[in-house]
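A, B, ... follow the sequence lines: proteins, then strands. Residue 1 opens every chain.
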Amino acid sequence: MADINLSRITKCFGDYRAVNQVSLDIADGEFVALLGPSGCGKTTLLRLLAGFEEPDHGQISLGGQIMASPENNIMVSPEDRNLGIVFQSYALWPHMTVARNVGYPLEVRGLSRADQDRKIAEALDIVALGPYADRSPSELSGGQRQRVALARCLVMEPRAVLLDEPLANLDVHLRETMQQAFLDFHRRTGATMIYVTHDQAEAMAMADRIAVMDKGHIRQMAAPETLYREPADLMVAGFVGAGAVLPVQGVTVGSNGNCSVQLGQSSIKARICPKLADGLTTANAGLCLRPEDVWVTDDAPLRGQVDDCVYLGGRFRLSVRIGADQTLPVYANRRARIGDQVGLQVNDGWVFDRMSGEAA
Amino acid sequence: MQATGRLRGVLPGIIAKPNGNRSSDRLLIWLVVPVFIISILPILRLGFEGVMVGGVPSFDYFHDVLGNSSTWRATANSLYTAGLGTIISLLIGGAFAFLVALTDIRAKAALVFCFMIPMMIPPQITALSWVQLTGPSSALLNAIGMAPPLGSPQPLYSAEGIALLLGIQHASIVFLTLRANLRMLPREQIEAARLAGARGGRLWWQIILPLTSPGLIAGTAMAFVTALGNFGIPAMLGIPAGYQTLPTLIYQKLAGFGPSVLGEVSVLAMLIGAIAICGVALHHRLLSKRDYRLMGMVGRPLDVKLGARRGLVETALWTVLVAILVIPLLALFTTALVPAFGVKLTFANATFEAFHEVMFVQPSTIRAFQNSFVLSVGAAVTLVLMCLPLAYVMVRRPSNLTKLINLLVEVPYALPGVVLAIACILLFIRIPLIDVSLYGTLAIIFVAYLARFLVIALRPVMNSFTQLDPALEEAAQACGAGLSRRLRDILLPLAAPSAAAGALLVFLTAFNELTVSALLWSAGNETLGVLIFNLDDSGDTVLASAVAVLVVLVVIALMSCFQLAARRLPKGVVPWQT
Ligand SMILES: Nc1ncnc2c1ncn2[C@@H]1O[C@H](COP(=O)(O)OP(=O)(O)OP(=O)(O)O)[C@@H](O)[C@H]1O
Ligand SMILES: [Mg+2]
């Protein structure tokens with residue numbers, strides 16, 4: 001087990017910076033999700049950690065030992081890092097049986113035959129594949145292959161486990177079961193886990209902290225609820241959770257991180273990002289409203305027109321247009337007709353600088 | 001690693017920058033030295049002759065040779081026959097590979113088994129048997145009364161005749177390379193295309209062909225280069241027609257002796273080398289645009305149902321086999337049975353006298369079998385062991401140095417065998433520094449074989465490494481497996497079918513090889529090719545045919561042994577098994 005530190009890591013492919021000045025501190029035993037749109041550099045970051053790519057700048061250390069530091073000419077090869085990795089394509093060896101696939105790390109470490117067999121059996125039991133030990137990987141279903149890959153990773157008791165979209169190929173039910181399996185595994189072993197995904201629900205459900213990546217940068221790293229309630233910039237606000245970001249004027253900063261802003265004719269109480277509160281200009285302030293922050297009430301001063309209405313089971317989600325081109329998703333208990341005028345009462349909101357992060 | 005450090009210092013731009021995988025950088029250095037000594041140094045040594053006139057550097061030989069119109073005519077002829085021959089190889093070998101690998105035709109093992117045999121017949125024997133077959137004095141045609149009238153021209157004495165036989169001779173090369181590639185084709189990718197509505201021609205043109213194009217291109221390049229350096233066929237068919245290719249031109253220069261022979265041969269060799277390198281460079285350009293790593297599970301062969309057309313396809317395949325295998329073999333066999341060359345074969349005069357003579361009277365036959373066996377098996381095993389790490393470094397850690405090696409290893413194979421033999425003699429007659437001569441030993445033939453066939457063993461392995469999902473190796477790396485372990489446990493078994501295809505190709509080509517050993521043999525160290533050639537040359541065509549028939553029988557027997565051991569070998573190693 002080990003904590004992981006990345007400091008100002010940059011990786012270029014030609015002129016393109018796939019990972020750009022990324023710093024990251026992951027505590028021992030933490031479960032961190034790397035979340036971001038396709039092509040943002042998640043896999044590259046994971047491969048840098050695993051040692052399959054060498055960074056151009058920066059330093060990676062693992063449990064206090066430096067793993068990669070081009071400035072100091074240090075590069076520990078992947079086989080000496082003792083990290084487990086689960087690939088999106090599973091990467092099972094077609095010429096070996098399931099048992100030998102799982103037992104290979106032990107074979108490499110030179111364990112005795114009996115120890116190997118015992119550990120293989122244990123690992124296969126954890127992923128409920130005991131009866132499949134003698135099959136070839138090509139005779140397994142997608143979910144079973146995934147579990148073999150996980151078992152292979154578990155059996156070596158790695159310092160940290162890296163998972164690259166491990167559930168992307170599985171169906172919804174299997175996904176939930178496997179998510180539970182990962183969480184159980186994490187609780188039981190306390191291993192540090194880094195989990196790449198582009199599915200925010202998956203990241204929210206599993207991770208202690210989520211790092212949101214975009215274009216090679218880490219935009220924000222925080223606990224799921226913080227990410228949801230207090231996004232640092234426009235990209236994070238839009239990528240994580242439903243809701244809308246509206247440009248606002250007339251920000252009046254109050255005490256304890258509160259403020260009030262003008263939205264149309266009404267004044268709204270909201271929380272404000274400390275950076276913005278301390279800063280001089282609030283010209284680019286944006287108000288992030290989540291659907292549950294806004295109630296539909298007939299007599300509220302803020303009015304809007306219903307554009308769309310979807311039944312979610314138990315409640316409705318309306319898209320309400322306010323002003324010329326702003327739409328806001330809100331929840332309602334009653335169905336509304338498209339074109340109806342409704343009143344909106346805003347109970348909470350998050351004010352931040354819409355332009356932050358864009359310069360980078 | 002002092003040597004590494006020094007080399008890096010000298011060649012900073014050529015050696016790959018250290019990219020974390022130190023062990024593979026070291027591996028590269030260890031591999032480069034033997035590759036350089038066996039396959040590049042002899043060529044350099046010969047090239048040296050071309051630029052030195054009477055001990056002073058000069059381009060006189062270039063002026064003489066390149067200013068001569070016969071050089072350019074021979075070049076054009078070489079390009080024409082090799083090009084046309086390659087197209088024929090591609091059509092025959094490609095059709096066989098696709099149909100055998102992807103469809104539900106029956107008796108695949110037998111088909112593939114038979115398809116391998118034409119390659120084992122030495123080119124000059126193939127040419128001989130076809131000439132015997134089609135000419136007015138054909139023993140076979142005379143026996144069935146269908147021989148053309150005496151005095152009519154032999155149709156094979158033409159450019160197209162040469163191309164046809166080159167094409168037949170090298171079809172197995174395309175076949176083997178492509179088949180190794182097809183074995184790696186995951187079923188899912190074709191199934192996905194079929195679900196997307198692709199069927200029939202569209203499936204072939206848009207999915208299967210692009211996916212297998214690395215194998216197709218590699219096989220084509222290899223068939224072309226092989227055809228370019230082929231001497232036996234243009235010698236047998238071209239010389240009577242006054243049609244010269246570069247290898248026969250070199251041969252005539254060599255036969256002429258004189259002080260400038262070596263220099264002129266050296267320049268001609270450079271010309272062939274340059275053409276071969278252009279061909280290979282084109283091949284790499286084409287390949288570099290396509291990184292079709294095949295994702296997904298491999299190992300489940302595809303069985304496209306041919307339905308009603310199956311019978312038709314099978315008939316067509318077997319007909320081609322009869323034409324390219326049975327008929328020339330039959331011609332060879334009938335020649336071995338006649339009491340004297342040119343005599344008409346009948347049931348009454350058929351005799352096994354020639355077989356008795358070569359097997360029990362002449363001691364050189366058994367010796368030649370032993371020598372050729374040791375040489376070809378030794379070369380095949382050595383080369384495959386060398387090529388696995390070499391191909392690995394070249395595919396996974398490409399640098400300018402590996403790109404250069406990639407082009408240069410092609411040269412000893414593309415050059416006509418006699419040229420390589422001269423290069424080897426020049427270099428090994430007295431090895432610098434240790435003052436040992438290899439000349440007159442089996443060792444010089446062995447080294448020449450290693451140089452010549454390196455590329456045959458290398459290409460299929462490189463090809464399969466290119467296609468392998470890199471994650472398979474990375475997973476092993478994350479498990480703690482170092483480079484040599486990964487090579488042994490993961491890469492070797494996965495590349496085994498290609499490595500076996502490469503080894504088999506080397507074995508089959510080396511077993512009957514003539515042109516290299518023709519200059520390098522000595523009494524007691526003769527090879528089968530030399531034996532057959534010498535017998536034929538001294539007018540004992542019947543004895544030569546008898547030895548050739550024995551060679552084919554022995555190879556068939558060896559292949560059968562391989563077949564019996566198939567169950568204990570990794571899947572796909574035996575090329576004619578699905
Ligand atoms: N070997 C490579 N050579 C050149 N460019 C690369 C290479 N690997 C990745 N890239 C580029 O780097 C960027 C980041 O790629 P990466 O694979 O890390 O994305 P990702 O976040 O994992 O995306 P996805 O969610 O689609 O898997 C992409 O623009 C990609 O094109
Ligand atoms: Mg990715």
Side-chain angles (χ1 to χ4, degrees), chain A residues 43 46-56 67-68 70 73-96 100-110 136-140 142 145 148-149 152-153 155-156 158-162 164 169, chain B residues 8 16-27 183-189 293-302 396-397 464 467-497 499 569-573:
Chain A
T43 300
L46 207 67
R47 291 174 59 81
L48 282 163
L49 266 175
F52 297 127
E53 309 279 356
E54 187 174 5
D56 294 310
M67 291 289 127
N73 231 340
I74 298 174
M75 176 71 189
V76 178
S77 62
E79 51 265 41
D80 300 324
R81 292 192 184 192
N82 194 17
L83 292 171
I85 182 159
V86 176
F87 291 88
Q88 187 171 354
S89 60
Y90 315 132
L92 299 181
W93 301 302
H95 60 292
M96 298 182 181
R100 180 132 189 257
N101 261 286
V102 172
Y104 188 70
L106 307 174
E107 204 181 309
V108 171
R109 284 167 175 68
S136 134
S138 58
E139 295 162 348
L140 299 181
R145 288 179 201 177
V148 175
R152 179 174 66 189
C153 177
V155 82
M156 58 191 275
R159 296 205 274 190
V161 181
L162 313 175
D164 191 359
N169 297 341
Chain B
R8 279 225 183 94
K17 84 172 172 94
N19 50 2
N21 215 317
R22 303 270 141 74
S23 51
S24 69
D25 283 355
R26 264 203 308 274
L27 189 67
R183 285 200 56 86
M184 320 263 301
L185 197 66
R187 191 184 191 127
E188 284 91 339
Q189 297 191 336
R293 289 219 190 110
L294 301 177
M295 305 292 185
M297 300 305 284
V298 296
R300 282 192 301 164
L302 201 74
R396 288 287 149 82
R397 309 274 160 210
S464 75
Q467 290 193 335
L468 221 54
D469 183 353
L472 288 177
E473 193 203 341
E474 287 167 354
Q477 212 172 352
C479 289
L483 182 62
S484 58
R485 252 214 110 112
R486 295 201 301 275
L487 275 171
R488 197 187 73 203
D489 292 347
I490 310 296
L491 297 167
L492 178 64
L494 291 175
L569 298 170
K571 231 181 140 199
V573 162

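The CG atom of A:Leu83 sits 11.5 Å away from atom SG of B:Cys479, with the distance rounded to the nearest 0.5 Å. Taking NE2 from A:His95 and CG from B:Asp489, the interatomic distance works out to 7.0 Å, rounded to the nearest 0.5 Å.
Heavy-atom minimum distance, A:Met156 versus B:Ala478: CE-O, 3.0 Å. Across all their heavy atoms, A:Ser89 and B:Asp469 have their closest contact at OG-OD2, 3.4 Å. Contact detail for B:Gly480 and A:Val108: the closest heavy-atom pair is O-CG1, 3.4 Å. The two residues A:Leu92 and B:Leu472 make their nearest non-hydrogen contact at O-CD2, 3.0 Å.
Partners of B:Glu474 under the salt bridge (charged side-chain N to carboxylate O under 4.0 Å, His left out) rule, at least two apart in sequence or in another chain, are A:Arg47. When the salt bridge (charged side-chain N to carboxylate O under 4.0 Å, His left out) test is applied to A:Arg100, the partners found at least two apart in sequence or on another chain are A:Glu107.
Looking at B:Arg486 and A:Glu79, their side chains come closer than 4.5 Å, going by heavy atoms from C-beta outward. Side-chain contact between A:Tyr104 and B:Ile490 is present, with at least one heavy-atom pair separated by less than 4.5 Å.
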